[in-house]
Amino acid sequence: MASLVRHISVDCADPYRLATFWSTVLDAPIHPDDRPGDDEVLVQLPGTGMLFIAVPEAKSIKNRLHLDLQPQDRTRDQEIERLRATGATLIDDRRNPDGSGWAVLTDPEGNEFCVERSAAERTTPTT
């Protein structure tokens with residue numbers, strides 16, 4: 001059997017704060033034993049988790065790995081607005097007039113991630 005991804009680990013300054021952001025983004029719970037001030041905080045996802053780990057150094061370069069999110073119950077543009085209201089920052093808008101494309105955002109600690117079109121938007125013909 002091949003290996004499985006147990007956690008997606010993210011180095012950060014404030015694990016609980018960043019885990020709270022991603023918990024909201026993904027509508028996934030934080031592990032019940034985790035508290036503010038902990039050095040490690042886990043967001044529980046089906047089949048895996050996002051583990052936020054305190055490190056002393058700040059982020060200094062572009063991520064070598066990032067997440068691409070696909071909204072499940074809303075459009076890409078609605079999801080972008082929801083995430084911005086949650087604390088994300090839009091840094092690169094790659095949306096096209098025909099409805100294709102994506103947007104690059106950052107979480108509260110500057111980690112990049114993308115928002116793509118929903119599955120419903122991908123099957124709807126553009127004009």
Do Leu18 and Leu69 land in one hydrophobic cluster if side-chain heavy atoms of ILVMFWY residues count as linked below 4.5 Å?
yes
Could you report the tightest heavy-atom contact between Arg94 and Asp92, atom names first, then the distance?
NE-OD2, 2.8 Å
Consider only side-chain heavy atoms of I, L, V, M, F, W and Y, link residues closer than 4.5 Å, and tell whether Leu45 and Val25 are in one cluster.
yes
Value rounded to 0.5 Å, distance of CD in Gln70 from CZ in Arg117:
9.5 Å
Applying side-chain contact (heavy atoms from CB on, under 4.5 Å) to Leu67 and Trp22, what does each step give before you reach the verdict?
CA-CA 11 Å; Leu67 302 178; Trp22 282 102; 4.0 Å; yes
Quick check against the 3.5 Å criterion: does His31 have a side-chain atom that pairs as donor or acceptor with the backbone of Asp33?
yes
When you measure from the side chain of Arg76 to the backbone of Gly99, do you find a donor-acceptor pair of N or O atoms at a distance under 3.5 Å?
yes
Begin from the C-alpha positions of Thr48 and Leu4 and carry the test side-chain contact (heavy atoms from CB on, under 4.5 Å) through to its verdict.
CA-CA 9 Å; Thr48 190; Leu4 299 174; over 6 Å; no
Pro71 to Ser118 - nearest heavy-atom pair and separation:
O-CB, 3.4 Å
Asp98-Ser100 side chain donor-acceptor pair, cut-off 3.5 Å
yes
Evaluate the criterion salt bridge (Lys or Arg N to Asp or Glu O under 4.0 Å) for residue pair Glu79 and Arg82; output intermediate values, then yes/no.
CA-CA 5 Å; Glu79 182 69 349; Arg82 182 182 80 90; 2.8 Å; yes
Under the criterion side-chain contact (heavy atoms from CB on, under 4.5 Å), which of Val43, Thr86, Leu83 is the partner of Thr24?
Thr86
Gap separating the CD atom of Glu57 from the NZ atom of Lys59, nearest 0.5 angstrom
12.5 Å
Using the rule that two of Ile, Leu, Val, Met, Phe, Trp, Tyr join whenever any of their side-chain heavy atoms come within less than 4.5 Å, decide whether Phe113 and Val10 are in one cluster.
yes
Exceeds 12 heavy-atom contacts within 6.0 angstrom, atom CG of Asn96:
yes
Asp38 side, atom CG; Ile53 side, atom CD1 - distance, nearest 0.5 Å:
12.5 Å
Nearest heavy-atom pair of Gly87 and Phe21: which atoms, and what distance?
C-CE1, 4.0 Å
Indicate if Leu26 and Leu51 have the same hydrophobic cluster label, given that clusters are the connected sets of ILVMFWY residues with side-chain heavy-atom separations under 4.5 angstrom.
no
In terms of heavy-atom contacts, Val104 and Leu90 come closest through O-CD1, 3.5 Å
State whether the side chain of Lys62 and the backbone N or O of Arg64 hold a donor-acceptor pair below 3.5 Å, judged by distance alone.
no
Hey, is the main chain of Ala13 close enough, under 3.5 Å, to the side chain of Glu109 for a donor-acceptor pair?
yes
For Asp11, all residues meeting salt bridge (charged side-chain N to carboxylate O under 4.0 Å, His left out), sequence neighbours excluded
none
Exercise: identify the closest heavy-atom pair between Gln44 and Pro32
OE1-CD, 4.0 Å
State, with a plain yes or no, whether a side-chain heavy atom of Ile30 is found less than 4.5 Å away from one of Tyr16.
yes
Is it the case that atom CZ in Arg17 sees more than 12 heavy atoms from other parts of the structure closer than 6.0 Å?
no
Between Thr106 (side chain only) and Glu112 (backbone N and O only), is there a donor and an acceptor less than 3.5 Å apart?
no
Do the non-hydrogen side-chain atoms of Asn111 and His66 ever get within less than 4.5 Å of each other?
no
Val115, Leu65: one ILVMFWY side-chain cluster at the under-4.5 Å cut-off?
no
